[in-house]
Protein chains: 2
Amino acid sequence: MSKRVQPAHLDVFDRKILAILQRDNMTPQRTIGDAVNLSAPAVQRRIKRMREEGVIRADVSVVEPEALGQSITIFVEVEVISETAEQIERAKSEFAAAPEIQQCYYVTGEADFILVIVVPLMADYEALTRRLFFGNNNVKRFRTFVAMDRVKVGLGVPVG
Amino acid sequence: MSKRVQPAHLDVFDRKILAILQRDNMTPQRTIGDAVNLSAPAVQRRIKRMREEGVIRADVSVVEPEALGQSITIFVEVEVISETAEQIERAKSEFAAAPEIQQCYYVTGEADFILVIVVPLMADYEALTRRLFFGNNNVKRFRTFVAMDRVKVGLGVPVG
DNA sequence: GCTCCAATGAAACAAAATTGCAAATAATCC
DNA sequence: GGATTATTTGCAATTTTGTTTCATTGGAGC
């Protein structure tokens, strides 16, 4: 399923490097080295190791949705009827497969799933609800929240 | 406030390039060029332009929270009492400033804000609620959802 | 058909990443 | 504590990648 990334012996150098890479992963190793007091090759080897260990899961460009005409961000709380392992797994893969679904979390509380959806128009969201929710007889109900402002968006994690 | 990113005249080349960069922005320009049938310099110039235009907002490493000991992801719906522009702006900057808050959206619907929070322990979340919610007399109520599984996580936007 | 403009590719160039290796550091064992 | 071993480092050389130059191509407008 999801890969384990437990202990991870990250020293203070690693953490400083991660802090930089989470802000800008195009920063030259030489510059990183200066910032953390390490040579460029040392930085390079640490980054390589952290990638292999799965500490760094990916390196991506962050694209402005509006530039692609995908100007609507929507949150959805989904509550399901049956929570058998099989049904939950089915829902997970269905949600994960939809390109409009940017993020999907399986949660405790008054809902079972929380989705972050990005679409060009409300009509697209409506079509998606028909397909994913009304067309799925294990969905009990769902609540929609439309984002008026993406105040803070990112995947940055505090380095401690 | 937030910078405008207009219509953005993105042709099919740009979109293909973005699709690749959203998956892996360390892909060599030559490789990208081969994939989209363009020379490396052409790819380089397009990427440069899209960065300047704000189409590409950032280039980052995605770090596994668990590797940093930040193993709890939490969603919070926040409902405020007064929705004056001033109060809302105050809340936005307060939420945006908290490092534990990875994402913050101002939304319509039964809540006013939706937050994505990443912390090492429940105790940290509890402390955060005291500071941000109980310590703020404009917060009417908030609902907490704890993530059991981060099914799909990313910031990828459909290019189609 | 001609000019102007923007975008392209090939080649030259610059910069950055990666590797090899000896030295330094840290850890382990007696 | 001291010797041995295993890591990790920095420097220098090498390779790969990114960037600039420049002549050419392909249109759009006239």
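Quick note: numbers below take in every heavy atom, side chains included, and nothing from hydrogens, waters or symmetry partners. What you see is a predicted model, and the numbers here were worked out from it, not measured in a lab. We name chains A, B, ... by the order of the sequence lines, and we start the count at 1 in each one.
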For this session: On the 0 to 90° scale, with breaks at 30° and 60°, tag the B:Phe75-A:Tyr105 ring pair as parallel, tilted or perpendicular.
Result: perpendicular
Exercise. For the pair made of CE in A:Met50 and P in D:dT8, what is the distance, rounded to whole Å?
Worked result: 13 Å
Problem set entry | Spacing of B:Leu21 atom CG relative to D:dG18 atom C1', expressed in whole Å | 14 Å
Exercise. For B:Pro28, which contact category applies under a 4.0 Å heavy-atom criterion: base, sugar-phosphate, or nothing?
Worked result: sugar-phosphate
Problem set entry | Electrostatic pair A:Arg90-A:Glu94, nearest N-O below 4.0 angstrom | no
Problem set entry | B:Asp14 side chain vs B:Asp11 backbone, donor-acceptor pair below 3.5 Å | yes
Exercise. Given atom CZ of B:Phe13 and atom C1' of D:dG26, what is their separation to the nearest angstrom?
Worked result: 13 Å
Exercise. First contact, last contact: which nucleotides of DNA chain C are these for chain A, 5' to 3', heavy-atom distance under 4.0 Å?
Worked result: C:dA17 to C:dG20
For this session: Return the orientation label for the A:Phe113 and A:Phe95 ring planes: parallel under 30°, perpendicular over 60°, tilted otherwise.
Result: perpendicular
For this session: May I have the distance from A:Gln29 (atom CD) to D:dC11 (atom C1'), rounded to whole angstrom?
Result: 15 Å
Exercise. Can you tell me how far CD of B:Glu83 sits from NZ of B:Lys140, rounded to the nearest 0.5 angstrom?
Worked result: 9.0 Å
Exercise. Which listed nucleotide (D:dT19, D:dG10, D:dT20) is nearest to the side chain of A:Ser39?
Worked result: D:dG10
Exercise. Which residue lies toward the 5' end of DNA chain C, A:Arg30 or A:Arg45, if each is placed at its nearest nucleotide?
Worked result: A:Arg30
For this session: Measure from the side chain of A:Arg46, starting at C-beta and using heavy atoms only, and say which of D:dC22, D:dT19, D:dT9 lies closest.
Result: D:dT9
Exercise. To the nearest angstrom, how far is B:Leu38 atom CG from D:dG26 atom P?
Worked result: 15 Å
Exercise. Contact class for B:Arg49 vs. all strands (heavy atom < 4.0 Å): base, sugar-phosphate, or nothing?
Worked result: nothing
For this session: Check the distance between D:dT17's C1' and B:Ile32's CD1 and give it to me in whole angstrom.
Result: 11 Å
Exercise. How long is the line joining CG of A:Asn25 and C1' of D:dT17, in whole Å?
Worked result: 15 Å
Exercise. Rounded to whole angstroms, how far apart are CD1 on A:Ile17 and C1' on D:dT9?
Worked result: 13 Å
Exercise. Can you tell me how far the CD1 atom of A:Ile20 sits from the OG1 atom of A:Thr31, to the nearest 0.5 Å?
Worked result: 9.0 Å
Exercise. Considering only side-chain heavy atoms of B:Gln44, which listed nucleotide, D:dT19, D:dT9, D:dC22, is closest?
Worked result: D:dT19
Exercise. Going by an N to O cut-off under 4.0 Å, is there a salt bridge joining B:Lys92 and B:Asp112?
Worked result: no
